[in-house]
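Written out below as C-alpha cells is the structure these notes cover.
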Amino acid sequence: MDVSIHEHYMREALKQAKRAFERGEVPVGAVIVHKGKVIARAYNQTELLHDPTAHAEMIAITQAAEHLASEGGPEHRGSLEKASIYVTMEPCPMCAGALVLSKCENLIYGVKDAKAGACGSLFKIANDDRLNHRLNIVGGILEDEAKSLLSEFFRSLRKERR
C-alpha cells in the first residue's frame, strides 16, 4: 500500500484521537477500512463508559464486525478479513489479541507504546507464529502528530494534579 494512503487514513484516526482528548480520554483513535471505505471510527472511551475495555480498537472492531455482518448476511461471523485498522498508538495486549481473533489483515499505527505495546515494542502478539492468525504491521505513520497529542494530554494531566 502507498504511504500516502496510510497517511490519509491515519489522519482520520487522529481526528478520533482529538475527540478523545477533548473528552478527557487518553487520545487514541482508530478507523477500520475495508475495500477502500472507512467502516468504523472510534476513540478511547474508558472514562466516559466506565469500562476499562473501551479502547478505540475494541470499539472499532465491534463496529466493523457489525457492519460486515450486516453486509454479509447471517453466515458472516464478524471476521475482519481483508480489513485494515489504523490506530494512532500501538495496540495493547487486549487489543492486539482482539485483532488476531478478528482476523484483521493489516495494522497500521502511529506511535510505539514502550509500556504496553503488543505489536512489536513489548510483546509480539499480532504476529506471533504460535497463534492461528498474524497481521501485517506498519508502524510510524504520522508518528510525530500522534506523539504530540499524547504528550500534550499527559502534560495537561500532570498540571491538573498539581
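Below, all heavy atoms of this structure are taken into account, side chains as well, without hydrogens, waters or symmetry copies.
- A distance of 13.5 Å separates CE of Met10 from OG of Ser4, quoted to the nearest 0.5 Å.
- Proximity of a side-chain donor or acceptor of His34 to a complementary backbone N or O of Ser84 within less than 3.5 Å is not detected.
- When all heavy atoms of Cys95 and His55 are compared, the closest pair comes out as SG-ND1, 3.4 Å.
- The shortest non-hydrogen separation linking Ala60 to Ala40 is O-CB, 3.4 Å.
- Under the side chain to side chain contact (heavy atoms under 4.5 Å, CB included) rule, Ser102 has a single partner from Ile61, Leu68, Leu135, which is Ile61.
- Side-chain N or O atoms of Glu25 include one that pairs as donor or acceptor with a backbone N or O of Glu47 at under 3.5 Å.
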- Message: Evaluate Thr88 against Leu149 for side chain to side chain contact (heavy atoms under 4.5 Å, CB included), listing each step before the verdict.
- Response: CA-CA 10 Å; Thr88 57; Leu149 199 54; over 6 Å; no
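- Looking at Lys15 and Glu12, a side-chain N of the basic residue comes within less than 4.0 Å of a carboxylate O on the acidic one, giving a salt bridge.
- Atom-to-atom distance recorded for Met58:CE and Leu99:CG is 8.5 Å, nearest 0.5 angstrom.
- Ile39 approaches Ala64 most closely through the heavy-atom pair CD1-CB, 3.7 Å.
- Taken to the nearest 0.5 Å, the CD1 atom of Ile5 stands 11.5 Å off from the CD1 atom of Ile141.
- Side-chain atoms of Glu90 come within 3.5 Å of backbone N or O of Ser121 as a donor-acceptor pair.
- Considering only heavy atoms from C-beta on, Leu107 stays 4.5 Å or farther from Asn136 through its side chain.
- A donor-acceptor contact shorter than 3.5 Å links the side chain of Arg134 to the backbone of Leu131.
- Residue Glu105 holds its CD atom at 10.0 Å from OG of Ser79, rounded to the nearest 0.5 Å.
- Of the charged side-chain nitrogens involved, at least one lies within less than 4.0 Å of a carboxylate oxygen, so that Arg130 and Asp128 count as a salt-bridged pair.
- For the pair Glu143 and Tyr109, the minimum side-chain heavy-atom distance is 4.5 Å or more.
- Using cut-offs of 30° and 60° on the angle between ring planes, the pair Phe153 and Phe21 is perpendicular.
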- Message: What verdict does the side chain to side chain contact (heavy atoms under 4.5 Å, CB included) test give for Met94 and Thr53, after you've listed the backbone C-alpha separation in whole Å, the side-chain angles of each residue and the deciding distance to 0.1 Å?
- Response: CA-CA 8 Å; Met94 173 184 68; Thr53 69; 3.8 Å; yes
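- Side chains of Asn44 and Thr46: no donor on one and acceptor on the other come within 3.5 Å.
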- Query: Can Ile59 and Gln45 be said to form a side chain to side chain contact (heavy atoms under 4.5 Å, CB included), step by step?
  - Reply: CA-CA 9 Å; Ile59 295 168; Gln45 297 181 49; 3.7 Å; yes
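- Tyr9 contributes a side-chain N or O that, together with a main-chain N or O of Gly36, makes up a donor-acceptor pair within less than 3.5 Å.
- With 3.5 Å as the limit, one finds a donor-acceptor pair spanning the side chains of His67 and Glu71.
- Across Ala83 and Ile32, no two heavy atoms sit closer than the pair CB-CG2, 4.0 Å.
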- Item | Verdict with reasoning, Asp113 to Leu122, per side chain to side chain contact (heavy atoms under 4.5 Å, CB included) | CA-CA 8 Å; Asp113 183 355; Leu122 190 59; over 6 Å; no
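- Closest heavy-atom contact between Lys147 and Val111: CE-CG2, 3.9 Å.
- In terms of heavy-atom proximity, Val28 sits nearest to Glu57 at CG1-OE1, 4.5 Å.
- Rounding to the nearest 0.5 Å places OH of Tyr43 at 15.5 Å from NZ of Lys18.
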